[in-house]
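Notes follow the structure.
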Amino acid sequence: MATPSEPAADLGLFDAVVNLCKRRGFVFPSAEIYGGIRSTYDYGPLGALMLRNIREAWWRAMIQERDDVVPLDAAILTNPKVWEASGHLATFTDPLVDCRKCKERWRADQIEDTCPNRGSNDLTEARPFNLMFKTFVGPVEDESAVAYLRPETAQGMFVNYLNIETTMRRKPPFGIAQIGRAFRNEITPGNFVFRTREFEMMELEFFVPPADSPRWQQYWCEERLSWYQRYGIAPEKLRLRPHEPEELSHYSSGTTDIEFAFPWGWGELEGIANRTDFDLRAHQDHSGTSLEHFDQATGERYLPHVVEPAAGATRTMMAFLLAAYDEDEIAGERRAVLRLHPKIAPYQVAVLPLSKKDTLSPLARDVLHRLQPHLMCEYDETQSIGRRYRRQDEIGTPFGVTVDFDSLEDQQVTVRERDSTEQTRLAIEDLVGHLLARLGA
Ligand code: GAP
């Protein structure tokens, strides 16, 4: 029996969501026609739309609705001295062991001295394996041309701290936020898009006077937890878990994870770390440029401390899908439905002419064109209306708009709501306002 703090394994749910992702165009194995490449995925049309909505929801909460955070879009390839200073070259490692029997490689901290393939204990000594992807900049492949793909977006924000403080006329407390791809040569990627070698991060570096960092860490834990709930994850599927001292990253004096009840147990969605002045001090020392803030009010100079809520966009997408997946029965027929928050769902509206007949198409397309400037819409006129409703339910579209033969006479359409399947008839003229109000847009 699972304890209250340990979710029951629900691998049926996991399989159902992975299957749906492939079947409905959310996530494909990368380069599938060549046999893929282990644990690398391409986000299909619906996945691309959903990821965009997740970024947008994060951006709204972290930047648009605040006056103390500014955005940044820093380079993925940067001067390798950044990674020397940040400690990633020396310490961003996982302990690697080889099984001498099957030759598979494992993370020593994940397998308890036994190879999961063969149950063999004939393993090599653990050795540190650096997770950064190495490449060469320019045509010559020698040591002077080595560069790394960023393993976190955070460092771009630290090395731009001074530029941003000056150009944006900011003083602590203020934050820099960034969304972007990060790369880690994970030894054991897996669990679908939970752990991949290329993934997307959404990170905030919040710079504060040193004494204020515990208060701000508490604040960001609460803010971020409520963000996941705001976009539809039930509170009982989320928890805050402070790190044990031995788990802490090399830069952190204290981290609390936001965890989600994944089908295999609790797993990290986001870490909220107190990075102290570790990074600014390291970059100040290595670059020789002072990164201290001068407080004009007190005449004090100090290196700000940093509280960092760091989330994974691709992992969050998986959590939203798992939390939204449901199966129920409508008029005696089983359906799968994604009860996604309307702002996260790939499409907000599907426009569905009752029949494919030419007589309905012009009006249905007119309805579509009225909605498109405001909402992401799909137009679908193939198959029976029942099957089209099921398809939209399964991809999480909150509203379907049906154009029927009466619509030609009365200029009205039927709006069907995904979760309740309730139908409302209303004038085409009022449709945009009606839907925007119901979507809270
Ligand atoms: N700058 C802090 C930092 O990088 P992290 O806990 O290593 O912290 C932050 O990463 C988040 O990025 C994680 O909580 C997770 O959501 C996501 N993440 C990390 N590694 C990942 C991977 N290999 N695949 C997918 N998401 C990952």
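We use all heavy atoms of the structure for the numbers below, so side chains are in, but hydrogens, waters and symmetry mates are not. Note that ligands are numbered from 1 as they come in the structure, with each ligand's atoms numbered from 1 the same way. Predicted model, so just to flag it, every value in this text is computed and none were measured. Nothing fancy with the numbering, it's 1 onward along the sequence.
Using modelled atom types, one finds a donor on one side chain and an acceptor on the other under 3.5 Å when comparing Gln110 with Thr188. A side-chain donor from one of Asp380 and Thr382 sits under 3.5 Å from a side-chain acceptor of the other. Counting only N and O atoms by type, the side chains of Gln155 and His283 include a donor and acceptor under 3.5 Å apart.
Remark: Phe206 pairs with Trp216, Trp220 by the ring pair (Phe, Tyr, Trp, His ring centres under 6.0 Å) rule, at least two apart or across chains.
Between Trp264 and Phe194, the ring-plane angle classifies as perpendicular under the 30° and 60° cut-offs.
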Present, as a list of atom pairs with distances to 0.1 Å, all nitrogen or oxygen contacts under 3.5 Å between ligand 1 and the protein.
residue	atom	partner	partner atom	Å
ligand 1	1 (N)	Glu152	OE1	2.6
ligand 1	1 (N)	Glu203	OE2	2.3
ligand 1	1 (N)	Arg275	NH1	3.4
ligand 1	1 (N)	Glu308	OE1	3.4
ligand 1	1 (N)	Glu308	OE2	2.9
ligand 1	4 (O)	Arg184	NH2	2.8
ligand 1	6 (O)	Glu268	OE2	2.9
ligand 1	7 (O)	Arg184	NH1	2.8
ligand 1	7 (O)	Arg184	NH2	3.1
ligand 1	14 (O)	Glu268	OE2	2.5
ligand 1	14 (O)	Leu269	O	3.3
ligand 1	16 (O)	Leu269	O	2.9
ligand 1	16 (O)	Gly312	N	3.1
ligand 1	20 (N)	Arg184	NH1	3.4
ligand 1	23 (N)	Glu186	OE2	2.8
ligand 1	23 (N)	Thr196	O	2.8
ligand 1	24 (N)	Phe194	O	3.4
ligand 1	24 (N)	Thr196	N	3.0
ligand 1	24 (N)	Thr196	O	3.4

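When Lys171, Arg301, Glu300 are each tested for a side-chain contact (heavy atoms from CB on, under 4.5 Å) with Phe294, only one passes: Arg301.
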